[in-house]
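Before any comments, here is the structure.
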Amino acid sequence: MRILVVTVVHHPEDARILHREIAALRERGHHVVYAAPFTALETTPRPYVEGVDLPRAAGRDRRPALRAARNLLAQRGPAADVVLLHDPELLLALRGTLRRWRRSGPAPVTVWDVHEDTAAALAMKNWVPGALRPLLRAAVRALERLAERHLRLLLAEDAYQTRFRRPHPVIPNLATPPVGPPPPPGTGRIVYLGHLSRARGALDLIATARLLAPEVRVEAIGAADPDIRDALAAAGRDGVLHWHGFLPNDRALALLPGALAGLSLLHDQPNYRHSRPTKVVEYMAHGVPVVTTPTPLAAQLVEQHRCGLVVPYEDPRAAADAVRRLAGDAALRLSTARQGRAAALSELNWQTQATEFVDLLQTWVEDGATATAASPDPRVDQPARPG
């Protein structure tokens, strides 16, 4: 297959896009064109994909990125078997494009990979005025219903099904456990993996680090929102936290093994109530005990697999106490690490989903070819494919 993968929002090294889905496609020998904001985020395409640079969509004015994406889709889309979109903004860039594709010949299978609850995520953006949030939420829901009529949909979470009228396949964010047993968790450092923002508990992480210093070192791995970078820098100058900044997924994961604990300190926000934090699964896969706030799916993982401790929302002292408990109880530390690793291998392993993901795209392409053969007249629009 020839696959055109497009994002104007996500980092080109996004774990789901590049290290899971694109990697799975390349392992099966498919050709991938990857259009993403490489220059804007100071990175370059991996050698195993054909990279196309796009502007990044950020803040209020996203028109330049959408114009560039629209032109790309018009030019490169017809040559693809599958167009895989990763941002809701790109649904706007499709306006008119699907119709032109279908009038000119067989159209590529067009897929929207639904990563998050977009309407809930918008409510958390500082750049969105409060008065506009209800209108934007309604507009997003309408756009989702329109996408369901005309595109194939992939969902990253089972809970996202409630936003749509019909069921759609779920390809969850799981982890690829490293080959061979990881080292046992030590007692000298803890890790945080993922984007750093207020709602994701970045300030709680810093406060936790200050409570644990100097006995335990905190390492934070991920990009950070502008409004917390000064606090991260100050914690670094004080020697209580080391902020690595954004690292590609493979380099970031290499820092997990041997840590005393992996932290997930999400706040109680609608966008997090129905999502399983990927960082929690990554900690488990690398044999790292989990300390998490009680977002429902994270707490369910920890309680079901006995792979860590659950602490209250926005309570750095409780998080620090949980870390100290793990540091002081070798049996608990080792058992939580082993049980998390076992669950990641048996139930939360991306390798089982990778085959399903690629096979699903292949089936959709074959279904599209069958529909085209049944209606060979290119002047007749093909009916919208169900999601």
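- Using a distance-only test at 3.5 Å, with no hydrogens or angles considered, a donor-acceptor pair links the side chain of Asp14 to the main chain of Arg16.
- Without hydrogens or angle criteria, Arg324 side chain to Ala319 main chain gives no donor-acceptor distance under 3.5 Å.
- Contact annotation: the side chain of Val6 never approaches that of Leu84 to less than 4.5 Å [non-hydrogen atoms, C-beta and beyond].
- When atom types are taken as modelled, the side chain of Trp243 and the backbone of Gly222 share a donor-acceptor pair closer than 3.5 angstrom.
- A donor and an acceptor atom, one from each side chain of Tyr272 and Thr293, are nowhere located under 3.5 Å apart.
- In this model, a donor atom of one side chain and an acceptor atom of the other lie less than 3.5 Å apart for His10 and Asp87.
- A donor-acceptor distance shorter than 3.5 angstrom exists from the side chain of Thr110 to the backbone of Pro108, with no hydrogens or angles considered.
- Panel note: side chain Arg229, backbone Ala224; a donor-acceptor pair is recorded below 3.5 Å.
- Expressed to the nearest 0.5 Å, how far CG of Leu193 lies from CG of Asn249 amounts to 7.0 Å.
- For Glu215, there are no side chain to side chain contact (heavy atoms under 4.5 Å, CB included) partners, not counting sequence neighbours.
- Taking the six-membered ring for Trp and the full ring otherwise, Phe246 and His11 have centroids separated by under 6.0 Å.
- At least one donor-acceptor pair closer than 3.5 Å links the side chain of Thr352 to the backbone N or O of Asn349.
- Rounded to the nearest 0.5 Å, atoms OG1 (Thr208) and CG (Leu265) are 5.5 Å apart.
- Neither side chain, His168 nor Gln161, offers a donor N or O lying under 3.5 Å from an acceptor on the other.
- Atom OG of residue Ser197 and atom NE2 of residue His267 lie 8.5 Å apart, to the nearest 0.5 angstrom.
- Applying the side chain to side chain contact (heavy atoms under 4.5 Å, CB included) criterion to Asp81, with sequence neighbours excluded, gives Met1, Arg2, Val365.
- Side-chain atoms of Arg26 come within 3.5 Å of backbone atoms of Tyr48 as a donor-acceptor pair (strictly under, hydrogens ignored).
- At least one donor-acceptor pair closer than 3.5 Å links the side chain of Arg166 to the backbone N or O of Glu148.
- Taking the six-membered ring for Trp, Tyr34 and Phe38 have ring centres closer than 6.0 Å.
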Item to check | Criterion salt bridge (charged side-chain N to carboxylate O under 4.0 Å, His left out) on Asp268 and Arg273, from CA distance to verdict | outcome: CA-CA 7 Å; Asp268 187 17; Arg273 291 175 194 153; 3.0 Å; yes

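- The structure places CD of Glu282 at 10.5 Å from CD1 of Ile221, a figure rounded to the nearest 0.5 Å.
- In this structure, the side chain of Arg341 engages the main chain of Ala285 through a donor-acceptor pair within 3.5 Å.
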Checklist entry - Going through the distances and angles, do Arg28 and Asp359 end up as a salt bridge (charged side-chain N to carboxylate O under 4.0 Å, His left out)? => result CA-CA 10 Å; Arg28 294 276 290 273; Asp359 288 349; 2.7 Å; yes

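- With Asp113 contributing its side chain and His86 its backbone, the two residues share no donor-acceptor pair below 3.5 Å.
- Note that CD of Glu157 and OG1 of Thr162 are 11.5 Å apart. Values are rounded to the nearest 0.5 Å.
- Under a hydrophobic clustering in which Ile, Leu, Val, Met, Phe, Trp and Tyr are joined whenever their side-chain heavy atoms come within less than 4.5 Å, directly or via other members, Leu297 and Met284 fall into different clusters.
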Item to check | Verdict with supporting geometry, Asp238 and Arg210, salt bridge (charged side-chain N to carboxylate O under 4.0 Å, His left out) | outcome: CA-CA 9 Å; Asp238 293 341; Arg210 293 189 180 281; 2.9 Å; yes

